Number of protein chains: 2
Amino acid sequence: MQNILLLGAGRSATSLINYLKKNAEQEEWHVKIGDFDIKLAEEKGGNHPNTSAVQFDILNEIQTKDEIAKADLVISMLPARFHPKVASACVDLGKHMVTASYNSPDVEELSDIAKSKNILILMECGLDPGIDHMTAMEAMDNISEKGGKLTSFKSYTGGLVAPENDNNPWHYKFSWNPRNVVLAGQGVAQFIRNGRYKYIPYHKLFSRYETIEVNGLGDFEGYPNRNSLKYRTIYGIEEIPTLIRGTFRKAGFCDAWNIFVQLGVTDDTYKMEGLENMSKRDFINAFLPYNKTQPIEEKLCLNLGIKRDSETFKKLEWLGVFEDAKVPISDGSPAQVMQAIMEEKMSLDPGDKDMIVMQHQFEYELNDKKYRLDSSIVSKGDDQLETAMSKTVGWPLGIAVKNILNDNIKLRGVQIPIKKEIYDPILKELNNMGIQFNENEIEIKD
Amino acid sequence: MQNILLLGAGRSATSLINYLKKNAEQEEWHVKIGDFDIKLAEEKGGNHPNTSAVQFDILNEIQTKDEIAKADLVISMLPARFHPKVASACVDLGKHMVTASYNSPDVEELSDIAKSKNILILMECGLDPGIDHMTAMEAMDNISEKGGKLTSFKSYTGGLVAPENDNNPWHYKFSWNPRNVVLAGQGVAQFIRNGRYKYIPYHKLFSRYETIEVNGLGDFEGYPNRNSLKYRTIYGIEEIPTLIRGTFRKAGFCDAWNIFVQLGVTDDTYKMEGLENMSKRDFINAFLPYNKTQPIEEKLCLNLGIKRDSETFKKLEWLGVFEDAKVPISDGSPAQVMQAIMEEKMSLDPGDKDMIVMQHQFEYELNDKKYRLDSSIVSKGDDQLETAMSKTVGWPLGIAVKNILNDNIKLRGVQIPIKKEIYDPILKELNNMGIQFNENEIEIKD
């Protein structure tokens with residue numbers, strides 16, 4: 001019997017836990033689920049004979065060491081800030097660790113000790129980061145194996161609502177942390193295109209998207225994420241002339257969201273005054289120039305150069321930002337007010353399914369010919385528990401755990417899933433579970 | 001003999017030191033000038049019999065206590081981050097302290113002990129902050145003394161170049177820290193106008209200025225500074241419907257500067273890659289969309305909606321941003337690159353005089369009539385040492401020192417110059433020294 005300790009049993013752990021339970025008997029696993037909320041841990045474990053639950057507090061150092069000492073492998077679904085703590089205890093006690101969160105300098109510096117203790121700390125093994133790395137590396141390894149030279153790599157991922165439940169003009173509902181959606185893109189987007197460095201400030205980001213068709217699903221808009229440049233080193237493609245990683249929204253989203261960015265209502269750096277007496281209409285007006293007589297709708301259209309009968313304006317109106325109703329919170333930043341307004345309208349309804357869309361676009365040269373390979377994943381949720389987000393984050397973790405405990409993955413130290421030894425078994429099993437790539441390759445004629 | 005310890009003998013201390021020397025004999029002062037650079041301290045003291053110089057290191061705690069212990073009053077012209085250290089030593093040793101820098105929570109919390117030790121810590125006693133507080137409070141006190149009710153207060157200050165040396169299309173040269181000029185306005189501008197809170201994000205700031213005529217000097221553009229709202233409490237005008245504090249530039253500046261803001265080249269939050277191989281032209285191009293054939297000038301005009309033959313475009317061209325010459329630095333943030341480019345063109349030439357322009361606009365009601373009072377100060381530098389900036393920062397400090405040591409100012413604790421006891425003697429003497437207000441009052445007929 002091998003002991004798996006899972007820390008954190010929240011929403012995003014659902015599919016992971018189901019995967020672990022399904023495999024537990026055959027793989028001879030005992031899965032202990034630790035959460036600050038013991039009820040949640042018990043509920044997620046169900047009555048499965050190979051699971052147990054424990055009230056777990058990461059701030060309790062004695063308990064942390066105690067529980068990790070009893071495990072063979074630890075999966076951390078805790079908030080990212082706790083990962084260095086967990087990783088450090090795992091290294092001390094000689095236990096493998098797996099997470100779906102971004103690697104960090106604090107964790108990275110444990111790599112040498114982890115190697116010396118013969119353990120693996122596998123970071124970024126969920127969806128994004130996770131499946132994005134694995135599928136990108138698989139395609140790039142294939143291209144270089146056959147002697148091709150990669151000249152361009154663009155990759156976009158979006159967490160959206162399934163088309164059958166898409167019933168609002170934004171074609172968007174919150175399928176993950178709404179706060180991150182409101183703050184998405186803040187900072188500067190950095191990438192390289194045809195050998196030229198490009199930097200897009202946040203206030204220009206939502207007007208500089210590309211429109212991309214994804215097979216059968218219509219047009220999407222892809223806007224660049226913060227720092228694409230660092231992926232040249234991570235993926236070992238330092239000399240690539242074009243590298244852009246970005247986020248997908250359905251067509252029409254970016255122009256409308258850009259209005260909020262232009263107004264400044266996505267700012268999370270200060271608290272607003274006077275919210276307790278503000279209507280949604282007053283809230284928007286606080287970001288527009290003073291004008292004694294002009295209605296807010298007119299002022300907004302004039303100041304931001306949109307038409308009253310445009311699709312963009314209809315989206316704003318649908319969200320209710322011109323209503324006389326009070327803003328939903330009486331204290332907070334503009335971004336927090338916007339989030340609350342959006343949550344009233346953009347949450348998933350019971351029965352709604354979410355959808356993950358990921359597309360990689362590669363261009364490469366081989367034998368004096370140029371090729372373009374588009375490769376996309378579309379994954380829909382089954383229901384409100386087994387969401388696409390939960391599956392695509394949880395399954396890669398679960399499969400990684402299986403292959404580490406089976407000794408198929410022998411890499412040690414701090415790793416992310418960019419090596420074939422890791423991505424190969426994970427992508428194969430994901431494929432069997434229905435997370436499949438749709439590939440399309442064409443020769444480019446200049 | 002009373003002992004004054006002046007810490008920091010840099011450029012901005014010139015006029016202060018000259019003021020202190022001029023008054024030293026009559027007032028029976030000994031002025032000890034401390035600077036990390038002893039040569040600078042000696043040079044600024046000259047051979048004046050009432051001065052001495054000392055090599056001073058604020059990080060040397062023993063020396064700091066030692067020197068402060070020997071003084072009756074300390075003037076700190078050190079970088080603002082050192083003021084809490086100086087203030088704390090002054091409080092410990094029971095010595096008055098005066099600075100031209102912003103008050104801070106660290107200093108503010110010393111107020112009660114300072115009172116109990118019968119000492120005054122006078123902060124914000126330079127130009128801005130300083131003269132702005134004093135002149136505003138004087139006018140507001142006058143209005144309320146005669147029974148008027150203040151309904152609007154707008155105040156703008158700018159550090160510019162004197163008209164006789166204004167020979168570039170921006171009508172601007174650096175008369176103080178260029179870095180702060182490049183970063184000016186970052187964050188969000190918060191103010192209140194006709195009872196409505198207004199928030200302007202940085203990327204809209206330079207398109208939402210007001211054009212204001214200052215007597216005899218032509219048109220200026222005033223854009224709001226970061227947080228005007230807090231001045232309601234500071235000035236005791238909590239209920240005022242309109243309060244805006246801002247910065248002055250000459251007409252035409254804001255539209256052109258706005259192009260840089262829109263491009264994102266004033267961002268100081270990240271380091272750019274590839275600067276070592278970039279021309280100024282490439283630098284600008286890094287912030288514009290990729291286009292294989294379109295020249296950068298055309299692309300910029302098209303993307304940012306300006307005309308090739310506009311005054312705005314001429315300003316950009318004059319700065320040299322479309323030149324093939326290398327960018328002046330090979331490592332740094334966009335803002336650092338911009339600063340270096342601007343310093344090549346916008347520095348004061350030898351012999352150039354700087355100019356300070358400050359304007360307050362008050363509106364008030366009295367006996368059922370409405371009045372508007374405009375009150376402005378224009379001060380020019382004498383030469384490159386006695387600049388307008390140095391005089392308007394240094395003289396208020398010097399006059400404050402005189403009145404504290406003379407016991408005309410009896411206030412104790414941490415203060416800023418908003419009380420008549422402080423501003424009255426300072427403004428009177430400034431007036432005699434040529435820093436004079438030009439006032440203009442009219443009745444407003446609706």
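In this text the structure is predicted, and so the values were computed from the model without any measurement. Chain identifiers are assigned alphabetically (A, B, ...) following the order of the sequence lines, protein sequences preceding nucleic acid strands; residue numbering begins at 1 within each chain.
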Selection from B:K198, B:K204, B:Q190 maximising heavy-atom pairs under 4.5 Å formed with chain A: B:K198

Contact class of B:M272 relative to chain A, heavy atoms under 4.5 angstrom: both

Is the number of heavy atoms from other residues, nucleotides or ligands under 6.0 Å of B:R196 CZ greater than 12? no

With under 30° as parallel and over 60° as perpendicular, where do the rings of B:F260 and B:W257 fit, or are they tilted in between? perpendicular

B:Y270 versus chain A, the contacting section by heavy-atom distance below 4.5 Å: side chain

For the side-chain contact (heavy atoms from CB on, under 4.5 Å) test, which of A:V265, A:I341, A:I259 pairs with A:V321? A:I341

Test your reading of the model: is there a side-chain donor-acceptor pair from B:H360 to the backbone of B:F153, 3.5 Å cut-off? no

Based on non-hydrogen pairs under 4.5 Å, which of B:L288, B:T269, B:L229 is most in contact with chain A? B:L288

Interface check, chain B: of A:P201, A:A286, A:S207, A:G264, most non-hydrogen pairs under 4.5 Å belong to A:A286

With a 4.5 angstrom heavy-atom cut-off, is it the side chain or the backbone of B:L304 that approaches chain A, or both, or neither? side chain

With A:R249 as the cation and A:Y209 as the aromatic partner, state whether NZ or CZ is under 6.0 Å from the six-membered ring centre and within 45° of the axis. no

Part of B:L263 within contact of chain A (heavy atom distance under 4.5 Å): backbone

In terms of ring plane angle, is the pair A:W170 and A:F253 parallel, tilted or perpendicular, where the classes change at 30° and 60°? perpendicular

Going by the angle between their ring planes, with limits at 30° and 60°, are B:F220 and B:F248 parallel, tilted or perpendicular? tilted

Region of A:R208 in contact with chain B, defined by heavy-atom distances below 4.5 Å: side chain

Turns out that what part of B:D282 lies under 4.5 Å from chain A's heavy atoms comes down to neither

